[in-house]
Protein chains: 2
Amino acid sequence: MRIGELAERAGTTTRALRYYEQLGLLPARRAGNGYRAYDEADLRLLREIRMLQDVGFELEETRPFVECLRAGHPEGDSCQASLEVYERKLAELDDCIARLREARARVAGQFERAVRARDGLAASEQPPRCELTRE
Amino acid sequence: MRIGELAERAGTTTRALRYYEQLGLLPARRAGNGYRAYDEADLRLLREIRMLQDVGFELEETRPFVECLRAGHPEGDSCQASLEVYERKLAELDDCIARLREARARVAGQFERAVRARDGLAASEQPPRCELTRE
DNA sequence: GTAAACCTTGCCCCCGACGTCAACGCCAGC
DNA sequence: GCTGGCGTTGACGTCGGGGGCAAGGTTTAC
């Protein structure tokens, strides 16, 4: 299988595959004419990469999964290193979500305060944000 | 006030201030020697920028707020354009949070499945210790 | 036989918000 | 007058994940 077919079957581009090879993430054998040659195992590796990327993994974070598969394990996450990446990712996601929710609360508070200031100019000037910051 | 003092008082860097000026976001008057000259009003504008950035606004999104203040309004969000940015940002944050939560759920699912597979595999390789009552 | 479709390497480009020099000007203190 | 610490502009680097193009070689289809 050549690069174009692999790219199409995995739903990505040839440019991406060359990039992965450049990172050493998905090296390719070469045919006599210099063309990259892939097999079904490579397709499996590539699908693992794409699946993880879809969930928000960086390419480097997919490396343990790919190496785990390449080592002959049935799943990319059959190895301890992969599980550790899962754990780190979960913590990272939790942290990110928490920060976004806090930002959301702050923006919502500012927004409502601003709307109130616009609507009731003559009313009070103190910002009553006691209940606004709560969900 | 010169650039170093302003940067320090706003908790940012001179490089950032030159960048903001380059964007036309925070233009500076010039002293006779070519040095940038700022006043307290600029500090106010800069603080608005920094505050919004802290909540996740891009620099371009802070522009309506800065212009609102520069137009003489008491707050950066006293103008309709700023309120619209608030609304867009809230929607954007909600969307982002939702996507992250879904990603989190997917990763958690994969993780737990992988852990179960690992434990199950270990159990199948060795006689299962189902008799928890004995130890 | 030749055109289309594929492949190769190599290079620059993008985004955002600056960081990091380099090479120079200006000014205060001693 | 000299040192150190400010300031100036300009240019290039960073990070991730590739996109896009050029100039060539290869294969495939008609």
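Throughout, a chain's letter reflects where its sequence line sits, starting with A, and its residues are numbered from 1.
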Hydrophobic cluster identity match, B/Val107 and B/Ile97, side-chain contacts under 4.5 Å: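 Yes, B/Val107 connects to B/Ile97 through the hydrophobic network.
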Treating Ile, Leu, Val, Met, Phe, Trp and Tyr as nodes and any side-chain heavy-atom pair under 4.5 angstrom as an edge, say whether B/Leu46 and B/Leu25 lie in one connected cluster. yes
Carboxylate-amine/guanidinium proximity below 4.0 Å for B/Arg50 and B/Asp54: no
NZ/NE/NH1/NH2 to OD/OE distance under 4.0 Å, A/Glu21 and A/Arg30: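 Looking at A/Arg30 together with A/Glu21, the answer is yes, because their closest N to O distance falls below 4.0 Å.
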OP1 or OP2 of D/dG18 sitting under 4.0 Å from any side-chain N/O of A/Tyr20?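 For D/dG18, OP1/OP2 do have a side-chain N/O of A/Tyr20 under 4.0 Å.
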Does a side-chain N or O from B/Thr13 land closer than 4.0 Å to OP1 or OP2 of C/dC18, or not?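 Checking B/Thr13 against C/dC18: no side-chain N or O falls below 4.0 Å of OP1 or OP2.
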Within a 6.0 Å radius of atom CD on B/Glu5, are there more than 12 heavy atoms belonging to other residues, nucleotides or ligands?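 Yes, enclosed.
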Tell me whether B/Ser78 contacts the main-chain N or O of B/His73 through its side chain, where contact means a donor paired with an acceptor under 3.5 Å. no
[atom1] of [X] versus [atom2] of [N]: gap in Å, rounded?
X	N	atom1	atom2	value
B/Glu5	D/dG5	CD	P	18 Å
B/Glu60	C/dC18	CD	P	12 Å
B/Leu17	D/dG7	CG	C1'	13 Å
A/Tyr19	C/dC11	OH	P	17 Å
A/Ile3	D/dT26	CD1	C1'	15 Å
A/Gln22	D/dG17	CD	P	13 Å
A/Leu52	D/dG16	CG	C1'	17 Å
B/Met1	D/dG7	CE	P	12 Å

Among B/Glu61, B/Glu84, B/Glu58, which residue satisfies the salt bridge (charged side-chain N to carboxylate O under 4.0 Å, His left out) criterion with B/Lys89?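 Looking at B/Glu61, B/Glu84, B/Glu58, the match for B/Lys89 under the salt bridge (charged side-chain N to carboxylate O under 4.0 Å, His left out) is B/Glu61.
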Testing A/Arg9, A/Arg2, A/Arg29 for salt bridge (charged side-chain N to carboxylate O under 4.0 Å, His left out) with A/Asp39, which one passes? A/Arg29
Return whichever of B/Gln53 or B/Arg2 has its heavy-atom-nearest nucleotide of DNA chain C closer to the 5' end. B/Gln53
Between protein and nucleotides 20-23 of chain C, what N or O pairs are separated by less than 3.5 Å?
{"from": "C/dT20", "atom 1": "O4", "to": "B/Arg15", "atom 2": "NE", "distance (Å)": "3.0"}

Nearest to the A/Arg18 side chain among C/dC18, D/dT27, C/dT9, which nucleotide is it?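 Closest nucleotide among those given: C/dT9.
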Which nucleotide wins on minimum distance to the side chain of B/Arg30, given the candidates D/dG16, D/dT8, C/dT8?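 The nucleotide sitting nearest to the side chain is D/dT8.
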Testing the basics here: between B/Ala10 and B/Leu43, what is the closest heavy-atom pair and its distance to 0.1 Å?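 It is CB-CD1, 4.0 Å.
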Which residues in residues 31-48 of chain A have a heavy atom closer than 4.0 Å to any atom of DNA chain C?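 Those residues are A/Gly34, A/Tyr35, A/Arg36.
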Indicate, with a heavy-atom threshold strictly under 4.0 Å, whether A/Glu58 touches base, sugar-phosphate, or nothing. sugar-phosphate
